[in-house]
2 protein chains.
Amino acid sequence: MISGKFAITIHILTLLNKFPNDYLSSEFIAGSINLNPVLVRKEIANLKAHHIVESKEGKNGGTKLAVDSSKLTLKEIFEMTFETIGLGYAKNQPNPDCPVGKKINQNLDALYAEMNQKVSAQLEGISLEDFSNQF
Amino acid sequence: MISGKFAITIHILTLLNKFPNDYLSSEFIAGSINLNPVLVRKEIANLKAHHIVESKEGKNGGTKLAVDSSKLTLKEIFEMTFETIGLGYAKNQPNPDCPVGKKINQNLDALYAEMNQKVSAQLEGISLEDFSNQF
DNA sequence: TACATTTGTAACATATTTTATTACAGTATG
DNA sequence: CATACTGTAATAAAATATGTTACAAATGTA
């Protein structure tokens, strides 16, 4: 469920923020992350769907930020790449004839929802610009 | 990194707490979770290493709680099954010649450390007894 | 004692998820 | 019209998680 999408996406966005006037190619970005360019383009496709970046096809094409980095928060990036954090569920259908099995996922859901609120509140206080300024 | 261990472990502990006077077999527990008994025994081995439960081998054997469930917090369970939550890292070594690649994991670390503090604070306020009483 | 039941653990097998690669059509630049 | 990109699908490989089999060792019970 939790993969490196957030890390990849924030890496991409940090680079775009460092070069606000250039269209960066997926190849260039992939070289900084040390990742396959196709995977970079996939994350960029997601960012485009959320209107965070814009791309230009063809020669000298690439991607650049389409929003003000002081307005974009890590919470929004988090939500774009993961729905939630959590600590997993019983993978198989737990036994519905057991009072615990019957309610376990529901109770875990409630717990994780609260976790997400805490984390969201934290991430909402950090803009891409803030994050980028650490470099 | 993040798997279903927390969910499985808390399910086990909730069951043990519901039957404080019995040694529950891994087979019984597995039946509630709908999981292979060997995997249950593996999580129990971890709990034993932390002195949270005790087991009895042989016929009529099984496992029972060894601590007061009002004193055991979800934070401790969390720490027993995961070191940390997080949103991943660039999997491959990012490019050390790029200012962003060079520091990205370090900056993500700092971010995740803060996330863990928030979540830990939340989980510290919930005992196994509290969680168990929801069923 | 002999048997049944259960833990503990290792070795192996399968399934799932993540990451990588290849390929190529479409688009813009010079 | 050659070059250098994006976009995307199909496939492959690698990593991780989950499941299974097997069996020694322990312990209660007839």
Side-chain angles (χ1 to χ4, degrees), chain A residues 1-9 11-12 15-16 19 22-31 33-66 81-83 86-94, chain B residues 1-9 11-12 15-16 19 22-31 33-66 81-83 86-94:
Chain A
M1 188 198 302
I2 287 189
S3 68
K5 275 168 189 261
F6 177 83
I8 292 169
T9 297
H11 194 145
I12 293 169
L15 285 170
L16 295 179
F19 299 93
D22 298 323
Y23 282 90
L24 302 185
S25 74
S26 61
E27 184 102 14
F28 174 84
I29 295 169
I33 307 180
N34 188 13
L35 194 72
N36 193 289
V38 174
L39 301 179
V40 171
R41 298 206 285 270
K42 273 185 186 160
E43 292 313 312
I44 284 173
N46 184 35
L47 288 168
K48 278 178 60 181
H50 288 88
H51 309 100
I52 304 300
V53 303
E54 57 186 61
S55 294
K56 202 168 67 172
E57 294 187 30
K59 190 164 177 180
N60 300 329
T63 302
K64 74 192 214 21
L65 263 189
T81 54
F82 299 95
E83 319 80 71
L87 301 172
Y89 295 93
K91 183 140 203 176
N92 304 319
Q93 197 58 246
Chain B
M1 184 201 300
I2 288 189
S3 68
K5 276 167 189 260
F6 177 84
I8 292 169
T9 298
H11 195 145
I12 293 169
L15 285 170
L16 296 179
F19 299 94
D22 298 324
Y23 283 90
L24 303 185
S25 74
S26 61
E27 183 103 14
F28 175 84
I29 295 169
I33 307 181
N34 188 14
L35 194 71
N36 193 289
V38 174
L39 300 180
V40 171
R41 296 205 286 270
K42 273 184 187 163
E43 292 313 313
I44 284 173
N46 183 37
L47 289 167
K48 278 178 61 182
H50 288 89
H51 309 100
I52 303 300
V53 302
E54 57 186 61
S55 294
K56 203 169 67 174
E57 294 186 31
K59 190 166 179 178
N60 302 327
T63 303
K64 73 190 210 33
L65 264 186
T81 54
F82 300 95
E83 318 80 72
L87 300 173
Y89 295 94
K91 185 138 204 180
N92 303 320
Q93 198 59 246

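Computed from heavy atoms alone, side chains included, the values below leave out hydrogens, waters and symmetry copies. Sequence lines set the chain letters: A, B, ... in the order given, protein chains first and strands last, and positions in each chain run from 1.
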task = List in chain and number order the residues that pass side-chain contact (heavy atoms from CB on, under 4.5 Å) with E57(B), two or more places apart in sequence or in another chain; answer none if no residue qualifies.
result = none
request  = Output the distance between atom CD1 (I12(B)) and atom CG (L65(B)), rounded to the nearest 0.5 Å.
outcome  = 11.0 Å
ask   = Among all residues two or more places apart in sequence or in another chain, which pass the side-chain contact (heavy atoms from CB on, under 4.5 Å) test with T63(A)?
value = L16(A), I44(A), V53(A), S55(A)
ask   = Please give, in whole Å, the distance from dT16(D) C1' to K42(B) NZ?
value = 13 Å
remark   = Atom CD1 of I29(A) and atom P of dC5(D) are separated, to the nearest Å, by 12 Å
inquiry  = My understanding is that only residues two or more places apart in sequence, or in another chain, count here; which of them pass side-chain contact (heavy atoms from CB on, under 4.5 Å) with N60(B)?
reply    = none
key: Gap between atoms CD and P, on E27(A) and dT3(D) respectively (whole Å)   = 17 Å
inquiry  = So, using side-chain contact (heavy atoms from CB on, under 4.5 Å) as the criterion, who are the partners of T9(A) when residues are at least two apart?
reply    = L13(A), E43(A), L47(A), I77(A), T81(A)
key: N46(B) CG - dT9(C) P separation (whole Å)   = 12 Å
ask   = How close or far is atom P of dT6(D) from atom CG of L16(A), stated in whole angstroms?
value = 11 Å
query = Should I8(A) and L39(A) count as side-chain neighbours, where that means a heavy-atom distance under 4.5 Å?
reply = no
request  = Measure from the side chain of L39(B), starting at C-beta and using heavy atoms only, and say which of dG19(D), dG7(D), dA20(C) lies closest.
outcome  = dG19(D)
query = So what does T63(B) touch, heavy atoms closer than 4.0 Å: a base, only the sugar-phosphate, or nothing?
reply = nothing
ask   = Does S55(B) place a side-chain N or O at less than 4.0 Å from the phosphate oxygens OP1/OP2 of dT7(C)?
value = no
Sequence-distant partners of E54(A), side-chain hydrogen bond (donor to acceptor under 3.5 Å, both in side chains), two or more places apart = Y23(A)
message = How would you summarise protein contacts on nucleotides 21-30 of chain D per nucleotide, using B for base, S for sugar-phosphate only and - for none, with heavy-atom distances below 4.0 Å?
response = BB---BBBS-
message = Distance check needed: dT5(C) C1' versus L24(B) CG, whole Å only.
response = 15 Å
note = D22(A) atom CG is separated from dA4(D) atom P, nearest whole Å, by 18 Å
request  = May I ask you to evaluate whether S25(A) reaches the phosphate of dC5(D), defined as a side-chain N or O under 4.0 Å from OP1 or OP2?
outcome  = no
ask   = Can you check the E43(B) CD to dT18(D) P distance for me, whole Å?
value = 9 Å
